[in-house]
Amino acid sequence: MLLGLIPSVSAQGGEIALTMGSWRVDDVAQMQVILDAFHAVYPNITITFDPTNPPDYNATLRTQLEGGTAPDLFYLRSYATSRQLFEEGYLEPLGDLPGLMENFTEAARAPWATDDGLPYGVPFIAVSHGVYYNIDLFNELGLEVPQTWEELLAVAQAIKDAGYDPFANASGDEWTIAEIVFMNIAPTFIGGYEGRQAYLNGERCFNDEHAVAAFQAVADLAPFLPEGQEALTYYDSQQLFLMGEAAMWLGGSWDIPFFESEAPDFEWSVFGIPAPEGQEQRYVTFHMDAGMGLNAAAPDDHKEAAKLFLEWMTTPEFATLMGDTLPGFFPISNHPIELSNPHANAFLALNEGAGLDVRWAWEKLLDGQPDGYTLMQNGALAVIAGTMTPQEAADALQEGLAQWFEPAQNCPAGM
Amino acid sequence: MANSVLAPARASEQVEITRWDVQRRRTWVLFLIPALLIYTIFMAFPLFNSMRLSFYQGQGLTPDRYVGFENYVTLFTNPLWRDRFFNAVGNTFVFFAIHMLVQNTLGLLFATLLSNTRLFARNVYRAIIFTPATMSVLVTGFLWTLILNPRWGMLNQVLEWVGLGALARPWLGDANLALPVISLVSSWQWVGLPTMMFLAGLLTISDELSEAARVDGASAWQIFWRIKLPLLRPTIGIVSVLTFIGNFNAFDVIFAMAGARGEPAYATDLLATFFYRTAIAGEHPVAQPNMGLGAAVATCTFLILLTGVSLWLRFGRGGEETLAG
């Protein structure tokens with residue numbers, strides 16, 4: 001009689017305490033809201049959020065996994081970094097998780113799945129990219145949101161003529177040129193997801209006309225960056241924009257909370273990178289940032305409980321709650337969601353009718369040396385500094401990747 | 001008579017001393033053990049372990065696959081690593097050279113002025129010169145990045161006010177200027193240390209020497225060049241070797257002012273920042289550190305330091321002895 005009772009007690013009645021690892025130390029309070037909502041649905045499961053300092057996250061997680069002290073659930077970086085953990089057996093495969101296949105597109109699952117499509121993480125957080133603009137300054141100068149790339153440059157010229165900085169972006173922190181300038185612009189010029197896949201499967205060389213156009217676009221912006229931009233930091237750029245000295249800023253949605261708290265009265269919105277004249281399709285860099293993984297070494301009852309949480313992550317309730325609790329971080333699932341934060345909605349609205357894609361370098365191009373990220377960053381920096389032409393920057397990208405990335409070796413030369 | 005009394009006594013005393021000596025020698029070794037243990041565990045063992053690690057590779061936290069000299073081959077021949085490595089070595093030598101030229105020369109100058117007992121308010125100057133050395137590099141580095149900021153920094157504004165606006169630059173963003181500028185900031189911060197050491201050295205030089213020279217008609221300039229400077233040679237040697245060791249391990253000032261990538265475009269990348277990225281932090285955004293290769297970088301740094309210090313011991317010390325003799 002007792003024997004029959006024990007399993008049912010452990011499966012339903014028993015208290016189960018799970019831990020969750022993350023690199024988002026800024027989100028402790030917000031994650032508590034989300035985890036409390038889950039606790040309300042499953043009162044016998046509690047999850048403790050235990051984030052690690054971002055730069056140390058990869059190393060810390062690895063130590064924990066190797067030492068057997070890793071949390072039950074943990075944030076996964078997209079593509080290569082997590083793929084490696086899965087291949088070494090630290091991540092539970094999630095092919096049979098209810099809701100995962102139905103509620104996410106293949107492209108959304110890809111950052112946390114094998115080449116065959118076997119998922120080992122639930123898509124969790126995406127960040128969007130666009131152009132922040134100062135509404136008051138645009139009104140004052142009688143400017144409209146540009147609809148084409150050429151109009152964007154004309155608007156920039158008008159702002160410069162009026163004595164303001166057109167763009168607040170600067171290269172003092174070099175990563176910003178790669179992530180929020182070059183990879184923000186690139187999908188528009190290389191043709192989004194399909195275009196990027198053409199590079200990844202060897203149909204295009206990395207120095208084809210599209211890649212050159214992407215570097216050319218960075219060169220187009222260079223004259224409109226602030227004076228002394230070589231030594232201005234990311235923070236300086238944010239301040240230049242918030243202080244109204246610069247009218248636009250290529251940036252990411254993750255800064256919404258910072259801008260809102262730093263300057264609550266400042267009127268700003270965003271527009272997407274406009275397509276060049278004659279190109280119908282517009283593109284937005286909607287980057288898959290974090291997935292949620294399940295520790296393969298967790299005890300069975302923990303795994304069972306953790307899977308309930310992962311399943312809950314695929315629901316529309318979770319998507320809305322997450323989007324509202326963490327403004328600037330967007331759910332990745334297919335559910336149509338309505339957010340309460342106007343700035344987050346402004347970013348989300350950019351997606352309508354646009355082709356969405358992740359940052360160019362993330363999938364596959366970070367797997368070898370020299371990695372695509374560094375090559376694109378160095379190329380974009382050189383183009384801004386005027387030490388390379390866009391063609392030379394694209395050639396350097398192709399040449400660098402061809403050292404280890406097979407599709408780049410077999411692409412049709414002469415393109 | 002005196003001899004006959006003393007001689008046997010001395011002999012017996014000698015026997016006793018020898019016994020005592022043996023005992024004392026044993027105790028002496030005992031006293032050495034704690035220090036030796038601490039040194040072995042915390043200094044020698046990690047050093048040799050890091051050298052051992054440089055022959056290994058692996059994905060995990062501790063590299064476990066023996067690869068022989070592969071890491072060194074990669075470091076010296078793979079263009080990806082070779083260029084970064086030699087760039088870092090070159091930058092570190094420039095960093096060191098600027099410290100020798102600016103920090104230590106100024107230190108000598110300040111010490112000479114401060115050693116003048118008739119100098120007005122010399123303790124105040126001494127405090128002013130030494131104060132920066134008591135502050136955290138992260139704090140002074142941050143302050144200087146504010147001062148040097150091309151947009152709202154003080155330096156460019158001051159240049160503007162005095163009519164030298166044409167000289168205004170994005171100081172830390174220019175690949176040709178960033179390293180010298182950071183070296184100068186670092187020299188400014190640490191100039192107090194050589195000043196103190198030179199001052200201590202100058203104070204040990206007997207005034208009688210200068211007095212005698214002055215009587216013989218030597219000028220203050222001649223006294224400095226012909227008497228004080230030669231007698232300061234041992235101090236100069238120590239200051240140089242300490243600067244060398246400090247500069248080849250320098251990390252914090254670059255980290256504070258230019259970031260771990262040695263921005264712009266690796267122009268300020270030193271051996272320590274290169275090591276940090278290779279072994280500990282990894283490159284953004286993948287952040288996959290390579291400990292085996294990092295250990296190889298650390299070993300190379302150690303060998304450069306060892307060579308430098310040995311050269312000083314061989315030639316620097318030689319000079320000292322000649323002087324003494």
Side-chain angles (χ1 to χ4, degrees), chain A residues 23 54-60 62-67 77-81 84-85 87-88 165 168 170-175 178-179 226-233 235-237 239-240 243 245-246 359 361-362 365-371 373-374 377-378 381-382 385 387 400 403-404, chain B residues 58-62 64 74 78-81 83-84 142 144-153 155-156 165 168-178 181-182 255 257-268 276-291 293:
Chain A
W23 62 81
D56 306 332
Y57 180 71
N58 293 9
T60 308
R62 193 163 260 286
T63 321
Q64 291 175 324
L65 287 168
E66 284 179 18
R77 308 248 185 220
S78 48
Y79 299 108
T81 318
Q84 208 171 25
L85 294 179
E87 281 166 2
E88 289 173 42
D165 285 318
S171 53
D173 285 321
E174 294 176 341
W175 68 270
E179 267 171 59
E227 204 191 334
Q229 58 83 23
E230 301 95 323
L232 294 174
T233 63
Y235 183 75
D236 290 332
S237 292
Q239 295 305 318
L240 279 178
M243 288 161 66
E245 292 187 22
R359 297 185 194 130
W362 254 252
L365 302 186
L366 298 177
D367 301 1
Q369 291 281 344
D371 66 274
Y373 183 97
T374 308
Q377 172 168 294
N378 292 347
L381 283 165
T387 53
Q403 288 179 31
W404 61 271
Chain B
Q59 282 301 343
L61 258 190
T62 333
D64 46 10
T74 306
N78 183 329
L80 272 175
W81 295 101
D83 295 353
R84 291 281 81 81
F142 178 67
W144 275 99
T145 54
L146 291 182
I147 294 170
L148 296 167
N149 187 303
R151 191 74 180 205
W152 25 65
L155 182 65
N156 283 353
R169 292 276 183 286
W171 299 101
L172 296 173
D174 185 322
N176 296 317
L177 288 173
V181 167
I182 293 177
F255 189 70
M257 294 185 70
R261 266 188 106 228
E263 294 175 17
Y266 304 107
T268 61
Y276 174 74
R277 288 199 315 277
T278 312
I280 298 169
E283 287 274 2
H284 180 80
V286 240
Q288 210 66 269
N290 187 336
M291 283 219 190
L293 198 57

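Chain naming here is simple, since letters A, B, ... match the order of the sequence lines and numbering starts at 1 in each. These numbers come from the heavy atoms of this one structure, side chains and all, not from hydrogens, waters or symmetry mates.
When atom types are taken as modelled, the side chain of A/S237 and the backbone of A/A168 share a donor-acceptor pair closer than 3.5 angstrom. For B/W144 (side chain) and B/M257 (main-chain N/O), no donor-acceptor pair under 3.5 Å exists by modelled atom type. The closest donor-acceptor contact from the side chain of A/T233 to the backbone of A/D236 lies under 3.5 Å.
Contacts between A/L240 and chain B at a heavy-atom distance below 4.5 Å involve backbone atoms as well as side-chain atoms. For A/E227, the part lying under 4.5 angstrom from a heavy atom of chain B is the backbone only.
Side-chain rings of A/Y373 and A/W175 stay apart, their centers remaining 6.0 Å or farther from each other.
In terms of the salt bridge (Lys or Arg N to Asp or Glu O under 4.0 Å) criterion, residue partners of A/E245 (sequence neighbours excluded) are, by chain and number, B/R151.
The pair A/E230-B/R169 does not count as a salt bridge, with every side-chain nitrogen at least 4.0 angstrom from each carboxylate oxygen.
Close approach to chain A, defined as a heavy atom under 4.5 Å from one of its heavy atoms, is seen in B/R261, B/E263, B/P264, B/A265, B/Y266 of residues 259-267 of chain B, taken by number.
Remark: A/R359 is positioned above the aromatic ring of A/W362, its terminal NZ or CZ atom under 6.0 angstrom from the ring centre and at most 45 degrees off the axis.
Annotation: maximal heavy-atom pairing with chain B below 4.5 Å, among A/Q229, A/Q403, A/E179, A/R77, occurs at A/E179.
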